[in-house]
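Structure record follows, encoded as structure tokens.
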Protein chains: 2
Amino acid sequence: MKHFTLQDILDAEQGFRRDFINCLSGYKSLNLIGTINQETKVTNLAPFSQVFHIGANPPLVGVLFRPHSVERHTLENIRQNKCFTLNHVMASFYKAAHQCSARWKISEFEATGLKEEYKDDFKAPYVSDSPLKIGCSLADQITLSINETVLIIGKIEHVYVEEKALGEDGFIDLDKLGTVTSSGIDAYHVGKRLGRLAYAKPDKPVKEI
Amino acid sequence: MKHFTLQDILDAEQGFRRDFINCLSGYKSLNLIGTINQETKVTNLAPFSQVFHIGANPPLVGVLFRPHSVERHTLENIRQNKCFTLNHVMASFYKAAHQCSARWKISEFEATGLKEEYKDDFKAPYVSDSPLKIGCSLADQITLSINETVLIIGKIEHVYVEEKALGEDGFIDLDKLGTVTSSGIDAYHVGKRLGRLAYAKPDKPVKEI
């Protein structure tokens with residue numbers, strides 16, 4: 001195996017280091033975050049791979065924002081009007097999702113042709129084609145002193161999910177939804193299920209469910 | 001689409017809510033975290049799906065710990081001796097990785113047969129069969145006041161990666177590594193690559209690389 005020390009990583013060329021370190025955690029969740037500027041009413045849509053589960057009761061989700069990045073419109077809009085949407089990406093529109101990361105002067109919805117949608121009086125726009133959409137209110141924000149990244153914590157206010165993918169036990173089949181996952185800074189993948197496994201106990205063998 | 005409001009989620013049966021909310025972010029990174037108790041020298045190995053990129057320079061990774069969960073040994077060990085390892089999971093041992101989440105009285109290495117490995121004087125154990133292993137030192141820890149989850153921030157000290165999967169540009173091919181991704185609380189998947197896309201610019205069409 002190839003071995004890299006911390007010093008090797010720090011000495012590496014910047015582009016190599018960025019690609020390499022972004023790949024290390026493994027496959028990442030991919031969501032398009034939809035927001036709207038309260039004053040200008042210009043919408044914004046940006047792909048994020050740093051979205052993760054924080055808690056189920058109350059239902060909370062975390063999003064990590066790099067400082068001084070192109071994603072600043074998203075962060076500004078969330079701070080301004082306290083809400084945002086998360087939208088799963090499908091293979092049919094992952095290229096448009098990627099193109100949302102360019103520095104557009106107009107709304108990414110307009111620029112990429114992804115259709116915006118408003119539901120149940122929620123202020124932020126959803127992505128019409130997304131098979132799983134979540135409306136979040138801003139619950140908390142924490143700046144990590146170690147590198148000034150900002151952790152936004154959203155409370156889940158609304159979930160819309162394709163019924164075909166929802167099980168009676170609450171499990172959502174991402175293969176059926178067609179959800180895309182990302183790796184590094186520019187790679188996209190779909191998933192292929194290996195199995196679901198029953199709650200693990202020391203005195204029982206592993207069991208598929 | 002099926003619509004759930006926050007109230008619907010809060011009113012749902014606990015098991016349904018747990019499965020449902022854990023599925024919402026999409027595919028998740030999956031890593032086995034290896035630690036050792038400094039006093040007893042008993043090792044610990046636990047599967048985590050809440051591992052994410054925090055920064056590339058310096059290289060930082062975040063791990064979110066639920067309070068009062070079975071993962072407490074891992075958290076205690078990290079706080080005690082300030083280091084841990086992250087190990088990608090392959091399809092060949094995802095069932096053993098899942099079985100590490102049971103409440104064992106002995107080391108999960110011993111219980112599941114996953115072989116532990118020590119490298120370059122690093123104190124925490126790696127998983128021998130893992131195709132990508134990371135040694136981290138404890139850089140910071142933050143308790144999220146909203147629900148008492150603990151965010152551990154690790155500085156990447158060592159990376160070991162199968163050379164066949166590492167590109168000249170620093171990109172690591174997770175398909176080639178055979179890395180497994182998880183969804184919800186009990187589902188496991190491998191990835192199938194759709195493509196890598198060039199840096200997005202407003203005046204250029206999307207391009208595969």
Side-chain angles (χ1 to χ4, degrees), chain A residues 1-4 6 9 16-27 29 50-56 59 88 91 95 98-99 101-102 104 140 146-147 149 153 157 159-163 169-172 174 179 181 183-184 186-194 196-197 200-202 206, chain B residues 1-4 6 9 16-23 25-27 29 50-56 59 88 91 95 98-99 101-102 104 134 140 146-147 149 153 157 159-163 169-172 174 179 181 183-184 186-194 196-197 200-202 206:
Chain A
M1 292 183 108
K2 179 104 173 132
H3 177 207
F4 294 84
L6 172 58
I9 294 166
F16 182 97
R17 180 171 56 237
R18 187 194 55 210
D19 280 20
F20 184 73
I21 300 298
N22 270 280
C23 285
L24 294 182
S25 60
Y27 289 104
S29 63
Q50 319 281 66
V51 174
F52 47 92
H53 173 79
I54 287 189
H88 281 208
K95 291 183 178 177
H98 181 80
Q99 203 62 3
S101 63
W104 296 102
D140 203 356
I146 199 160
N147 71 350
T149 48
I153 301 177
E157 303 281 352
V159 177
Y160 304 88
V161 57
E162 294 284 2
E163 288 205 56
D169 58 356
F171 178 75
I172 300 168
L174 300 182
T179 295
T181 168
S183 70
D186 54 22
Y188 298 89
H189 318 251
V190 286
K192 183 169 165 263
R193 201 198 301 183
L194 292 167
R196 284 183 75 187
L197 302 179
K201 291 187 176 180
V206 182
Chain B
M1 294 182 105
K2 180 100 172 136
H3 177 206
F4 294 85
L6 171 60
I9 294 166
F16 182 96
R17 181 171 54 236
R18 188 194 53 211
D19 280 20
F20 183 73
I21 300 298
N22 271 280
C23 286
S25 60
Y27 289 104
S29 64
Q50 319 280 67
V51 175
F52 48 91
H53 173 78
I54 288 189
H88 281 209
K95 290 181 179 177
H98 181 80
Q99 204 63 3
S101 65
W104 296 101
I134 307 167
D140 204 356
I146 200 159
N147 71 350
T149 49
I153 300 178
E157 304 281 353
V159 177
Y160 305 88
V161 56
E162 295 283 1
E163 288 204 57
D169 57 357
F171 179 75
I172 300 167
L174 300 181
T179 296
T181 168
S183 71
D186 55 21
Y188 298 89
H189 317 253
V190 286
K192 185 168 165 265
R193 200 198 301 182
L194 294 167
R196 283 183 76 189
L197 302 179
K201 291 187 175 180
V206 181

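Just so we're on the same page: letters track the sequence lines, and every chain starts at 1. Basis for what follows: all heavy atoms, side chains included, without hydrogens, waters or symmetry-related copies.
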Starting from the C-alpha separation in whole Å, work towards a yes-or-no answer on ring-ring contact (aromatic ring centres under 6.0 Å, His included) for A:Phe171 and B:Phe20. CA-CA 5 Å; A:Phe171 178 75; B:Phe20 183 73; over 10 Å; no
Please give me the minimum heavy-atom distance between [X] and [Y], naming the atom from each residue.
{"X": "B:Ile21", "Y": "A:Gly55", "value": "CG2-O, 3.6 Å"}
{"X": "A:Ser25", "Y": "B:Ser29", "value": "O-CB, 3.0 Å"}
{"X": "B:Ala200", "Y": "A:Ser101", "value": "CB-OG, 3.5 Å"}

Given that the side chain runs from C-beta out, which part of [X] has a heavy atom under 4.5 Å from chain B: side chain, backbone, both or neither?
{"X": "A:His88", "value": "side chain"}
{"X": "A:Asn147", "value": "side chain"}
{"X": "A:Leu174", "value": "both"}
{"X": "A:Thr179", "value": "both"}
{"X": "A:Gln99", "value": "both"}

Which bit of [X] is near chain A, if near means a heavy-atom gap under 4.5 Å: side chain, backbone, both or neither?
{"X": "B:Leu197", "answer": "both"}
{"X": "B:Lys201", "answer": "backbone"}
{"X": "B:Ile9", "answer": "side chain"}

Can you tell me which of [options] forms the most heavy-atom pairs within a distance under 4.5 Å of chain B?
{"options": "A:His3, A:Glu157, A:Arg193", "answer": "A:His3"}
{"options": "A:Asn22, A:Val51, A:Ile153", "answer": "A:Asn22"}
{"options": "A:Val206, A:Asp140, A:Thr181", "answer": "A:Val206"}
{"options": "A:Lys95, A:Glu162, A:Arg18", "answer": "A:Lys95"}
{"options": "A:Asp186, A:Leu6, A:Leu24, A:Val190", "answer": "A:Asp186"}

Find the one option among [options] whose heavy-atom pairs under 4.5 Å with chain A are most numerous.
{"options": "B:Pro202, B:Gly184, B:Gly26", "value": "B:Pro202"}
{"options": "B:Asp19, B:Ile172, B:Val159", "value": "B:Val159"}
{"options": "B:Arg17, B:Glu163, B:Gln50", "value": "B:Arg17"}

A:Lys2 NZ to B:Tyr160 OH distance, which is reported to the nearest 0.5 Å: 13.0 Å
Please verify the inter-ring angle class for A:Tyr188 with A:His98; under 30° counts as parallel, over 60° as perpendicular, anything in between as tilted. perpendicular
Aromatic ring proximity, centroids under 6.0 angstrom, A:Tyr27 and B:Tyr27: no
